[in-house]
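Atoms considered below: every heavy atom in the structure, side chains included; atoms not considered: hydrogens, waters and symmetry mates. Quick caveat, the model's predicted, so the values are computed rather than measured. Just follow the structure's listing: the first ligand is 1, and inside any ligand the first atom is 1.
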Amino acid sequence: MVRGGRPLRGTVTVSGAKNAAVALLPATILARDACVVDNLPEIQDVLLLRDILSRMGAKVEYVPEERRMTVDTSADMTTGATFGLVRRMRASYYLLGALLARYGHAQIALPGGCDIGQRPIDQHLKGLRALGAEVETEHGILKAKTDGLRGAEVYLDVASVGATVNIMLASVHAEGLTTIVNAAKEPHVVDLANFLNCMGASVKGAGTDVIRVRGKKDLHGTSYTIIPDQIEAGTLMIAAAATRGDVVIQNVISTHLESISAKLIEMGVHVDQGYDHVRVYSDKRPRHVTIKTLPYPGFPTDIQQPISALLCTAEGTSVIIESIFEDRFKQVAEFCRMGARVSVDNRVAVIEGVEKLTGAPVTASDLRAGAALIVAGLMAEGETYIKNVKFIDRGYERIEDKLISLGASIERIEVEDEYGMYE
Ligand code: EPZ
C-alpha cells in the first residue's frame, strides 16, 4: 500500500544490477574452480539461480547480507535444467550457452519471464547453430548438442541482449575466433565480458557493435564485483522527480544513466551528476516530452514504464514509442484507474497530462509495470493498493525499505486472495 503526496528526500544506495547478476551466475559454470561474485542484489532471480545451480551440482554459498555468492562448479554438473524453477526466469536460457560450451550438450526448459511481448529466441538459436550446435525444441525443452564448437561470425538481426550474452557464453571455449556483429551494448553485456576476461577468456569489443571472442581451453575461477543497477537507479530518479523531492542516489555509474538524466532534464527536472552518485530534485510540474525506447545507449525500455507514470501528471501531452517490445504498456490500464488520460495504439502511447492522480487498487502485470505503479502511487492523492508485488521483488531489492528511508509511506501487506493463498 502506497500513500501518496510525500516528497522523497535523502540519500539512497543502489544495489547490484539484476541483468548483470543473471548473466554472470550462469557464466560460473565455465570456470574449472570457484568464483566469488560480489555486490549481488538480494532479489528473487538471484535466489532462483542459487537454487538452480545447486540443483545442477554446483557448490553454492550465498550470504545475502554480504551480497556475496561463491559458486564452485569444479565437480561435474548435470546438463539438464528442465525442472520448474527454470521456467520462472527468462535468463535461464543463459544456462544453455554455458553448458554447451563446457559439456557439448544441454537441455533447458524454455524460459518464462515478464509478459511484455512474444520474446522469440531465434537469434540465440541462430548464433548457437553458427558455432556448430544442433538445437531443437521438443516438449517445451531446448535441446542442444555438438561434437565441438568452432568460432564463427554471427550477424544479429536484432541487437538482442540475451542473444549476445548467450553466444558470448557458448563461444569462450569454441575453437578459433567468434565475431558477434550488431551486438547489444548494454552495461551488463560489458560486465559479463569483463567477468569472463577475469576468468582468463579473451573477449574484446564488448560495449561496441562488434564483439570478438577467441576460444580458450579452460578458464579459472575469479572474484568479481558486479556493476550497480542502472534501471533501479533510473527508477529512483523518477520517483524523486515524481514526488517533487530531492534525492541523492549513490553507487551509480553516471554514464549508464545518461539517456535517463537527459530526458529528465528535458522535462525540467534538476539532475546533478557526480562520478558515483546523482542528485535529482524538482519543485515544479514536469514538462511533456517524446520518448522512443532504443537499445543502449538509447533510452532504456526498462525505464519506459516507470517514466510513463511520471508523464501522467506532466504539463501537456507526451508520446512514448516502445520500439523494443510489442506489448509493454500493460501499466497504462492501471494508470487510467487512477485518473490518468492515456491511449495506447500498439507500440505508441499518448499521455495527456492531468493535474493529479488519485490512489486506487491496481495490479502489477510485470516487473517494471509494478515499479511504475509504485511511482504512480507515490504521486497520487490518497492510498494505492498494488497487487502482485512479487513481480517487483524479482528486480528490486527491498524497494519499500529504500523508499521508506527517503520518507515515503509504503508498506507490504500480506493478504489472502480469493483462493486463500498469499499474493
Ligand atoms: C533483456 O531481455 C533484459 N532481461 C530485459 O529486462 C530488457 O528489457 C531487454 O534485455 C532489453 O534491454 C535480462 O537481461 C534478463 P532482447 P532480453 O533479447 O534479452 C527481440 C527487465 O525488466 N528478440 O534484447 O529478452 C525481442 O523480442 C527485463 O529487467 C528477437 O527478435 O531482450 C525484443 O523485441 C525485461 N529474437 C528485442 O529483440 C531473439 O532471439 C530485444 O530483446 C531475441 C530477442
Side-chain angles (χ1 to χ4, degrees), residues 15-27 41 43-46 48-49 86 88-97 110-130 135 137 142 154-169 180 182-192 226-227 229-235 256 259-260 293-307 321-331 346-347 364-372 391-397 399:
S15 304
K18 160 177 104 72
N19 292 341
V22 299
L24 270 76
L25 291 175
I43 55 176
Q44 285 305 315
D45 279 6
V46 167
L48 209 48
L49 273 166
V86 171
R88 285 170 45 191
M89 183 178 65
R90 177 121 205 99
S92 305
Y93 51 32
Y94 294 153
L95 295 164
L96 191 72
L110 275 168
C114 287
D115 180 9
I116 51 180
Q118 197 237 332
R119 305 185 83 176
I121 57 170
D122 57 309
Q123 300 299 303
H124 297 241
L125 304 184
K126 171 179 170 178
L128 298 179
R129 287 175 179 140
V135 194
T137 306
L142 267 175
V154 183
Y155 184 92
L156 292 180
D157 301 333
V158 182
S160 155
V161 169
T164 302
V165 166
N166 227 342
I167 297 163
M168 220 199 286
L169 291 170
I180 307 171
N182 193 23
K185 299 183 273 204
E186 269 68 6
H188 30 288
V189 169
V190 177
D191 216 26
L192 174 65
I226 70 171
I227 53 169
D229 193 317
Q230 81 276 15
I231 304 303
E232 183 190 24
T235 307
H256 293 169
S259 62
I260 304 165
T293 63
L294 288 169
Y296 190 87
F299 193 89
T301 173
D302 294 347
I303 294 289
Q304 175 267 105
Q305 293 168 290
I307 207 166
I321 300 150
E322 173 51 71
S323 72
I324 307 292
F325 289 107
E326 69 273 22
D327 187 11
R328 198 170 191 172
F329 285 121
K330 290 196 176 72
Q331 73 277 11
N346 206 346
R347 287 176 181 246
S365 51
D366 56 73
L367 162 58
R368 307 299 175 183
F391 283 122
I392 304 171
D393 294 333
R394 294 200 44 192
Y396 292 92
E397 177 190 295
I399 186 72

Between [X] and ligand 1, is there a nitrogen or oxygen pair with a distance under 3.5 Å?
X    : result
F325 : no
D302 : yes
G162 : yes
V161 : yes
E326 : no

Check [X] against ligand 1 and report side chain, backbone, both or neither, counting heavy atoms closer than 4.0 Å.
X    : result
L125 : neither
F391 : neither
R368 : side chain
R328 : side chain
K18  : side chain
R90  : side chain
V158 : side chain

Answer yes if the side chains of [X] and [Y] hold a donor-acceptor pair under 3.5 Å, and no otherwise.
X    : Y    : answer
Q305 : R328 : yes
E322 : T301 : yes
Q123 : D157 : yes

Numbering the atoms of ligand 1 from 1, which are under 4.0 Å from a heavy atom of [X]?
X    : result
H124 : 40 (O)
Q123 : 36 (N), 39 (C), 40 (O)
I324 : 33 (C), 34 (O), 37 (C), 41 (C)
Y93  : 17 (P), 19 (O), 25 (O)
I121 : 39 (C), 40 (O)

Give the residue, atom name and distance (to 0.1 Å) of the protein heavy atom nearest atom 11 (C) of ligand 1. T301 CG2, 3.8 Å

Which protein heavy atom lies closest to atom 36 (N) of ligand 1, and at what distance to 0.1 Å? D122 OD1, 2.7 Å

Would you say K126's side chain and Y155's backbone share a donor-acceptor pair under 3.5 angstrom? yes

Hey, does the side chain of T164 reach the backbone of A184 with a donor-acceptor pair shorter than 3.5 angstrom? yes

[X] to [Y] - nearest heavy-atom pair and separation:
X    : Y    : result
Q230 : I260 : O-CD1, 4.1 Å
K185 : P297 : CE-CD, 4.3 Å
K18  : D229 : N-OD2, 3.0 Å

Taken to the nearest 0.5 Å, the spacing of I121 CD1 from Y93 OH works out to 8.0 Å

Atom pair CZ (R368) and CZ (F325), whose distance is rounded to the nearest 0.5 Å: 11.0 Å

So does R90 have more than 12 non-hydrogen atoms from other groups sitting under 6.0 Å from CZ? yes

Identity of the nearest option to atom 2 (O) of ligand 1, non-hydrogen atoms only, from E232, E186, R119, M89: R119

Considering P111, S323, P120, A20, which one's heavy-atom position lies nearest to atom 39 (C) of ligand 1? P120

Given L24, which of I227, L49, I226, N19 fulfils the side-chain contact (heavy atoms from CB on, under 4.5 Å) condition? I226

